[in-house]
Amino acid sequence: VIQHSNGYYPSLNIQIIPLDLEQNSNLENSIVINELAFSLVERFFFDNQVPYAHWGTTFFNSEKIIIIIEKLKNYQSYLNSKKNLTYKDDIQLFFKKETKLFRKKFPRYKTKIINMIDQIIHYLEYIQNSKINGITIIGI
C-alpha cells in the first residue's frame, strides 16, 4: 500500500514529503499512499476535518507530527485488538460503501492495515529523529 518515491507520484494517491515544497521541490524521500487507504487515517492528520481535507498541499510542523504519531499508535493498537468490526467501531473511510465493505472484510485486511499504519509511524518517527522541521502532505 505504501511506496517510496523520489519525485512526484501522480494518480489518486497521497504523498508525504519531508519539509515543505520550497525546501523539497523534488519531493525526495517521500512516501505515497493510496487515497482510499489514507482515508482510514486521514482524520489523525487533519483533526477530523471534512472529508477530502487532504486535497491540495498542507504543511505540518514537528509538534503536530508528534501528535499524529501518538494518534496513529493508539489507532493501530485499537485495530490490532479487534477480531472483527461492527458499525459501532471507529472506522471512517471516504464513502459509506467502502466503510461497510472494510468492516465486513476486516479480518482479511487487518494485517495489511496494521502494516500500513506501522510504515507511516516509522516514516514519521524517521522525520522526527532526523530533526526535520516538518512534513507536507500533497493530495490529489
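Index from 1, following the sequence.
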Enquirer: Salt bridge (charged side-chain N to carboxylate O under 4.0 Å, His left out): which pairs involve residues 91-103, sequence neighbours left out?
Expert: none
Enquirer: Counting only pairs under 3.5 Å, give me each side-chain donor-acceptor contact of residues 128-138, with atom names and distances, residues two or more places apart or in other chains.
Expert:
| unit_1 | atom_1 | unit_2 | atom_2 | d |
| --- | --- | --- | --- | --- |
| Asn129 | ND2 | Glu125 | O | 3.2 |
| Ser130 | OG | Tyr126 | O | 2.8 |
| Thr136 | OG1 | Leu19 | O | 2.7 |

Enquirer: Which atom pair, heavy atoms only, marks the closest approach of Leu79 to Phe106?
Expert: O-CZ, 3.5 Å
Enquirer: Please confirm whether the backbone N or O of Glu70 pairs with a side-chain atom of Tyr75, one donor and one acceptor, at under 3.5 Å?
Expert: no
Enquirer: Shortest non-hydrogen contact from Phe60 to Ile65?
Expert: O-CD1, 4.1 Å
Enquirer: Under the side chain to side chain donor-acceptor pair (under 3.5 Å) test, which residues partner Tyr109, sequence neighbours left out?
Expert: none
Enquirer: I'd like to check the side chain to side chain donor-acceptor pair (under 3.5 Å) partners of Glu28; sequence neighbours left out, ordered by chain and number.
Expert: none
Enquirer: What I'd like to find out is whether the side chain of Ile68 reaches to under 4.5 Å of the side chain of Leu124, using heavy atoms alone.
Expert: yes
Enquirer: Should Ser5 and Gln15 count as side-chain neighbours, where that means a heavy-atom distance under 4.5 Å?
Expert: yes
Enquirer: Taking only residues two or more places apart in sequence or in another chain, which ones pass side chain to side chain donor-acceptor pair (under 3.5 Å) with Lys112?
Expert: none
Enquirer: Within this structure, what is the CG-CD distance for the pair Leu93 and Glu35, rounded to the nearest 0.5 Å?
Expert: 11.0 Å
Enquirer: Could you work out, with side chain to side chain contact (heavy atoms under 4.5 Å, CB included) as the rule, every residue matching Ser77, not counting sequence neighbours?
Expert: none
Enquirer: Compare every heavy atom of Asp90 with every heavy atom of Gln92, then report the nearest pair and how far apart it is.
Expert: NE2-OD1, 3.8 Å
Enquirer: Once side chain to side chain contact (heavy atoms under 4.5 Å, CB included) is applied, do any residues pair with Lys104, and if so which ones, sequence neighbours excluded?
Expert: none
Enquirer: Any side-chain heavy-atom pair from Thr57 and Leu21 closer than 4.5 angstrom?
Expert: yes
Enquirer: Run the side chain to side chain donor-acceptor pair (under 3.5 Å) test against Lys82 and tell me which residues pass, sequence neighbours left out.
Expert: Asp89
Enquirer: In this structure, would Leu101 and Phe95 fall into the same cluster of hydrophobic residues linked by side-chain contacts under 4.5 Å?
Expert: no
Enquirer: Can you tell which of Asn13, Ile2, Val41 makes a side-chain contact (heavy atoms from CB on, under 4.5 Å) with Ile33?
Expert: Ile2
Enquirer: State plainly whether one hydrophobic cluster holds both Phe59 and Ile67, where clusters connect Ile, Leu, Val, Met, Phe, Trp and Tyr through side-chain heavy atoms under 4.5 angstrom apart.
Expert: no
Enquirer: Report the distance from atom CG of Leu85 to atom NZ of Lys110, rounding to the nearest 0.5 Å.
Expert: 8.5 Å
Enquirer: Tell me which donor-acceptor pairs under 3.5 Å the side chains of residues 113-123 have, and how far apart each pair is, sequence neighbours excluded?
Expert:
| unit_1 | atom_1 | unit_2 | atom_2 | d |
| --- | --- | --- | --- | --- |
| Asp118 | OD1 | His122 | NE2 | 3.4 |
| Asp118 | OD2 | His122 | NE2 | 3.2 |
| Tyr123 | OH | Ile16 | O | 3.3 |
| Tyr123 | OH | Asn29 | O | 2.7 |

Enquirer: First locate atom CD of Gln3, then atom CG of Asn34, and finally report the distance between them rounded to the nearest 0.5 Å.
Expert: 9.5 Å
Enquirer: Taking all non-hydrogen atoms of both residues into account, name the closest pair between Gly7 and Ser30 and its distance.
Expert: O-OG, 4.3 Å
Enquirer: Please, which pairs that meet salt bridge (charged side-chain N to carboxylate O under 4.0 Å, His left out) have at least one residue in residues 1-11, sequence neighbours excluded?
Expert: none
Enquirer: For a 4.5 angstrom cut-off between non-hydrogen side-chain atoms, does Phe44 reach Asn74?
Expert: no
